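The block underneath contains the structure these notes are about, expressed in structure tokens.
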Amino acid sequence: MIGHIQELIENALEHLIQREEIQLETLPDIQVERARNPAHGDYAANIAMVLQKQLKKPPIEIAHMIVGALNQSKHIEQVEAVKPGFINFTLTKQCRLQVIRKIIEQKEDFGRNDIGKDQHVTVEFVSANPTGPLHVGHGRGAAYGSSLVNVLKKSGYQVHAEYYVNDHGRQMDILATSVWLRYLELCGDQLRFPDNGYQGDYIVNIARQVRAKFGDDLRVEVNQIFDQVTKDESQGGDKEAHIDDVIQNSKNLLNDNYQKVFKIALNEILSGIKDDLEDFNVHYDEWFSEKKLHQSDWIDRAMQRLKDGEHVFKKEGAWWFNATYFGDDKDRVLMRENGQKTYFASDVAYLLNKFERGFDRAIYIFGADHHGYISRLKAAAKALGYEADKVDILLVQFANLFKGQEKLKMSTRSGSFITLKTLVDEVGTDAARYFYVMRSHDQHLDFDLELAKSQTKDNPVFYIQYAHARICSVFRQLDAQNMPYNEEIGIVNLKLLDSDYEKALIRQLSMYAETVAKAAVSYQVNTIANYLKDLAQSFHQFYAHCKIQGDNEDLRNARLNLCSATRYILADGLALIGSSAPTEMYSEDFDQDD
RNA sequence: GCGCCCGUAGCUCAACUGGAUAGAGCAUCGCCCUUCUAAGGCGAGGGUUGCAGGUUCGAGUCCUGCCGGGCGCGCCA
């Protein structure tokens, strides 16, 4: 519709130029937007005010000229030039009612657009190190990333969702060694657990599995492990050096068996992460292994590519990427003095891999604490020969958990974090997914666990789902009431939907498609959440004032069609953000007979 | 110190990316169930959009400087 109005205005301007009533070198961009205030019609154009300087005429005068030159349109009932210089368009009733028919016809395909037609994008999100279960901090990235994937798909993009598994490197060695030490304790050995080892109970659980599989086969003389190692921090030494020494000894003592422990630890944690994400309604197309980058030649290829472009130099024994040349504030090490490749080297290789797989765009979703990565990744993209704007890095701010007024303090360090699984068990996937995305991703979020669980209108998830369930309930009762639903009769009589509440609801429905499109373009998934709340509100207001199951067959069926369309949109929108649309609401506290 | 993000009703947030009288919910106060889920609805009060300038027809939105908050600045992952 916006396009249609733009065309009308463009034609009008051309007429005016032809008739030499105005002079314009080039046609300006014609902005048409939805009117905020229903009193201003359905759409508004600001073109007259934009042109006032060029034409040296009062905007209201220009507006009147344009209105006078507009062609007739069967969709538009009224055009008005008003106050400062807006041109307001009011659609015909017929045109406004069409959205109901369209939704009922297209069902879950309604709201699709082709903004991303023929575009392949990869969205990488969460990518937490597989050294422990996901916690609530990861939850927001998961909810946001997954919702964004859904929104982009709905907008026609070919989307590939990826989780980058850091299954290589020192952290993983610390994990494997931690598991092995716990295993030895289970075998009855006494030892001093390193300060920097992974402390959580889940390590002991994995150790138990190792023991179940290997019995006592992996036992060694404990003293050997701590032979010649640097003192730990709490012994007045260095915790990093200490754990590195312990790891080295463990590798030597276990030989081939080290890899077996390593594998069990990795698989256990990774499958836990996968399960948690599945339960959270988060799905991936690919779990991309960092180790594979090392085993194949991707890292070497990426390094070579940088070297070919003369973006690499050697300093103090290490190989550096001259990231500053591309706008980063520091140069970055690719290979350390000891020959080990850095994490950043893998990142560059992975980025190259993404582009060579043919993606038009690589979207990254990081926690806000990683914002330092933006400039170095973009620098890498440029150095590899790609445009920096093919890489979109989105930062997700932290969420503060509350229980009512009480702020839950959590530290990732001591292992006293709340896991994502605990959260989902507590409030459910539907509420958690909604709460995580209801604010803009680049804004801090207060997540109130009590509110998320409450079954009142204060809880937006409940409020929205209740609207959906209410509609389902209305339809369930029709047979018993002997009030059959006839879609065709309803379609013919849509014009009977004439109250302010019905108009408001229809208007809300008509905004769904543009809301989805806007969310896709701006990456603002929260607009979907806000929209759903507004839609639910419009519905509840309609419901409270308009009797649906009435005796008038024409009106009843028209209203049922309105309900039906609303139900589709509620369900579709909820699905986009990963929440479900229940057909009835249950509560332990609520007594059905009351 | 440098860099990034953010300051909107007492609280939590919107505002269609520069448009018309800045909107919701909570909290406060008042109303509506013999009627499809009151698990809901209707109404009232509440604002110098952190402060000061600038850009233009027009600024919560863009630019500069302050004030206040969050995060980041390793041959760590």
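Scope of the values below: all heavy atoms of this structure, side chains included, with no hydrogens, waters or symmetry mates. Keep in mind that what you see is a predicted model, and the values were worked out from it rather than measured. Quick note on labels: first sequence line is chain A, next is B, and so on, each numbered from 1.
- Residues from residues 504-520 of chain A placing a heavy atom under 4.0 Å of any atom in RNA chain B, listed by number, are K518(A).
- Residues passing the ring-ring contact (aromatic ring centres under 6.0 Å, His included) test with F288(A), sequence neighbours excluded: Y350(A).
- No hydrogens or angles considered: a donor-acceptor pair under 3.5 Å links the side chains of Q340(A) and R336(A).
- Residue H441(A) is tested with Y523(A), Y436(A), Y144(A) for a ring-ring contact (aromatic ring centres under 6.0 Å, His included); the sole match is Y144(A).
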Could you list, one pair per line, each protein nitrogen or oxygen that sits under 3.5 Å from a nitrogen or oxygen of nucleotides 55-58 of chain B, together with the distance?
from, atom 1, to, atom 2, distance (Å)
C57(B), OP2, K53(A), NZ, 3.2
C57(B), O4', Q52(A), NE2, 3.1
C57(B), N1, Q52(A), NE2, 3.1

Would you give me the side-chain donor-acceptor pairs under 3.5 Å for residues 38-47 of chain A, sequence neighbours excluded?
from, atom 1, to, atom 2, distance (Å)
D42(A), OD2, L91(A), N, 2.8
Y43(A), OH, R34(A), NH2, 3.0

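- One donor-acceptor pair, N or O on each side, does fall under 3.5 Å between the base of A20(B) and the side chain of N88(A).
- No aromatic stack links Y543(A) and the base of G40(B), using centre distance under 5.5 Å and interplanar angle under 30°.
- Remark: K154(A) pairs with D572(A) by the salt bridge (charged side-chain N to carboxylate O under 4.0 Å, His left out) rule, at least two apart or across chains.
- By the salt bridge (charged side-chain N to carboxylate O under 4.0 Å, His left out) test, D167(A) pairs with no residue at all, sequence neighbours left out.
- Applying the ring-ring contact (aromatic ring centres under 6.0 Å, His included) rule to Y434(A) yields no partners; only residues at least two apart in sequence or on another chain are considered.
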Base contacts versus sugar-phosphate-only contacts with protein, heavy atoms under 4.0 Å: please encode nucleotides 26-34 of chain B as B, S and - from 5' to 3'. S--------
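- Within residues 548-561 of chain A, the residues that place at least one heavy atom under 4.0 Å from RNA chain B are, in residue-number order, I548(A), Q549(A).
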Generate the contact string for nucleotides 1-6 of chain B. Rules: B means base contact, S means sugar-phosphate contact only, - means no protein heavy atom under 4.0 Å. --BBSS
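- Shown here are the salt bridge (charged side-chain N to carboxylate O under 4.0 Å, His left out) partners of D173(A), two or more places apart in sequence or in another chain: K251(A).
- Partners of Y325(A) according to the ring-ring contact (aromatic ring centres under 6.0 Å, His included) rule, which considers only residues two or more places apart in sequence or in another chain, do not exist here.
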